[in-house]
Amino acid sequence: MARKITKKKTTIKKKPAKKQLAKYRAKRDFEVTAEPAGTTAVKASKRRRFVIQKHDATRLHYDLRLELDGVFKSWAVTRGPSLDPADKRLAVEVEDHPLDYGDFEGTIPKGQYGGGTVMIWDRGYWTSDDPERGLKKGDLKFTLDGDKLRGEWVLVRMRHDRTGGKRTNWLLIKHRDDAARDGKANDILEQKDSVASGRSMDAIAAGRGKGPKPFMTAKRARAPASAEWDSNKGIAAKARTSAKRSLAKAKTMKAEVMPEFIGPQLCTARERPPSGTGWGHEIKFDGYRIQLRVSDGEVSLRTRKGLDWTAKFPAIAVTAKELPDCIIDGEVVALDGKGAPDFAGLQAALSDDDTDQLIFFAFDLLFAAGHDWRDQPLTDRKAALAELLENSIKSTARGDIRYVEHFETGGDAVLRSACRMSLEGIISKRLDAPYRSERTMDWIKSKCRAGH
Ligand code: MN
């Protein structure tokens with residue numbers, strides 16, 4: 001018997017929120033302004049995105065836009081964000097904006113609503129425990145992970161002014177955390193260039209230079225706006241669960257003999273990182289390439305030529321004792337005060353015999369669980385490496401041995417972030433390639449130089 005289909009067409013949740021954007025559209029004449037009408041489909045993102053647009057209108061201000069339910073909740077922050085928790089900044093609630101607005105950089109014609117120059121001043125991702133509730137309550141706590149702004153923030157709604165003004169005013173306040181800066185309220189605003197095009201306000205106003213790189217309307221998800229190179233989150237975390245050869249599987253196979261030493265794979269230098277897909281981009285470390293080998297709790301740390309330098313890195317060797325039998329490729333690095341690798345610091349530490357501040361950054365797994373991993377694709381080797389470190393090092397808090405995260409998209413963006421952080425450059429590696437003890441085109445190094 002044919003069943004009558006009575007089910008109504010379900011409304012798609014992410015439909016471009018027409019009603020929510022009515023105000024936005026009513027204020028603009030899209031025949032005149034180049035601003036988006038909000039008709040370009042924007043791919044859903046697993047992480048909520050944010051954008052801050054510096055807007056040189058009647059009065060200069062910074063428009064903070066937080067992605068929520070398919071639109072950008074928006075505030076005009078009159079004096080711009082401040083990193084000083086004591087410095088509360090007025091944020092005037094404005095109409096919801098379409099998501100493709102986040103890629104708009106250019107000039108709104110004079111006489112039009114918001115006439116003036118718009119720059120993509122910052123962008124990235126934001127998180128909040130319960131943003132809907134926070135907005136409703138007028139107390140929205142959130143965390144920003146952008147190129148310029150980071151850490152915890154809060155937007156607090158004020159009572160409507162006595163004048164009975166139509167505007168809803170909020171205060172944007174930095175929470176006290178590592179990203180806060182006391183008494184340096186406007187320091188962050190000194191970072192004046194566009195994060196999307198590198199242009200100044202003047203260049204945008206004059207229509208000079210390259211246009212912005214898309215973020216909201218990018219074909220593929222962009223690398224995280226800030227390439228945080230020692231984080232344990234990110235794309236690789238996802239890869240960890242999809243490894244073809246997993247540590248667990250390897251353990252059930254017949255064991256092989258672990259080599260004493262494996263010659264390192266070397267990079268080929270190039271002007272720019274490869275732009276295609278299938279690459280993982282890692283931060284280039286300014287330290288000593290070291291191979292870590294553990295056999296029955298006995299640790300050796302060898303240079304790329306195979307010299308035994310274990311005695312030079314006692315703290316790392318002690319931590320490595322916690323690992324099961326394995327061979328890991330990595331780099332020993334000293335960090336400067338800002339967390340950037342510091343070669344001079346490394347040399348000083350070695351000559352003073354004060355090597356406790358040195359860190360082994362682990363980026364490849366050559367042998368583990370009784371098996372040679374070199375023929376496995378990099379993705380699987382790194383997934384197994386991350387798992388191995390996570391499972392065996394109890395004292396991770398000490399940070400002697402850290403997993404090196406990689407970014408799978410936007411080599412240029414990762415390089416730019418690295419250069420901004422005063423790092424040396426990046427290494428791009430083919431994700432499907434095996435490990436080879438020679439110089440290959442599967443590993444490409446690109447360095448920061450003037451212009452990045
Ligand atoms: Mn504005």
Side-chain angles (χ1 to χ4, degrees), residues 17 20-38 40 42 49-68 70-82 88-124 126 135 140 142 144 146-149 153 155 157-158 161 165-173 186 188-189 191-197 199-207 211-212 214-217:
Q20 285 188 81
L21 293 175
K23 254 193 197 166
Y24 170 85
R25 294 205 175 94
K27 285 173 188 274
R28 289 165 179 83
D29 179 354
F30 297 105
E31 299 280 310
V32 184
T33 181
E35 293 167 283
T40 307
V42 171
R49 294 159 286 199
F50 85 91
V51 171
I52 296 177
Q53 283 157 319
K54 186 174 175 179
H55 187 180
D56 190 8
T58 316
R59 267 187 74 183
L60 179 74
H61 60 272
Y62 293 72
D63 289 301
L64 167 65
R65 311 195 192 282
L66 303 175
E67 174 178 5
L68 192 69
V71 295
F72 270 130
K73 295 286 164 195
S74 297
W75 293 262
V77 183
T78 48
R79 289 166 59 220
S82 167
K88 303 171 176 66
R89 291 287 160 94
L90 176 65
V92 180
E93 187 179 315
V94 297
E95 76 276 14
D96 294 345
H97 278 52
L99 291 180
D100 51 349
Y101 201 95
D103 283 344
F104 177 70
E105 183 171 277
T107 299
I108 303 168
K110 253 193 170 170
Q112 287 291 301
Y113 178 72
T117 303
V118 175
M119 167 197 281
I120 301 171
W121 182 77
D122 196 15
R123 63 189 181 185
W126 71 286
L135 277 176
L140 176 65
F142 59 101
L144 294 179
D147 276 20
K148 291 174 182 165
L149 299 187
W153 298 76
L155 272 163
R157 189 169 51 221
M158 298 192 285
D161 5 294
K166 275 174 272 166
R167 311 188 313 181
T168 306
N169 292 335
W170 300 62
L171 292 172
L172 175 67
I173 309 163
N186 286 316
I188 192 70
L189 301 181
Q191 295 186 28
K192 288 188 159 79
D193 293 340
S194 163
V195 294
S197 68
R199 297 184 295 176
S200 66
M201 221 49 186
D202 287 347
I204 296 165
F215 172 44
M216 304 303 298
T217 56

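Both ligands and their constituent atoms are indexed starting at 1 by order of listing. Hydrogens, waters and symmetry mates are skipped; everything else that's a heavy atom, side chains included, is used.
Not counting sequence neighbours, Arg79 has no partner by the salt bridge (Lys or Arg N to Asp or Glu O under 4.0 Å) test. Gln191 meets the side chain to side chain contact (heavy atoms under 4.5 Å, CB included) test with Lys148, Ile188; sequence neighbours excluded.
The shortest side-chain heavy-atom distance between Leu189 and Lys54 does not fall under the 4.5 Å cut-off.
Nearest heavy-atom pair across Asp193 and Ser200 is OD1-CA, 3.8 Å.
Around the Mn ion (ligand 1), protein N, O or S atoms at less than 2.8 Å number 3.
Residue pairs meeting the salt bridge (charged side-chain N to carboxylate O under 4.0 Å, His left out) criterion with at least one member in residues 90-100, sequence neighbours excluded: Arg28-Glu95, Lys73-Asp96.
For Tyr24 and Tyr101, the gap between ring centers is short of 6.0 Å.
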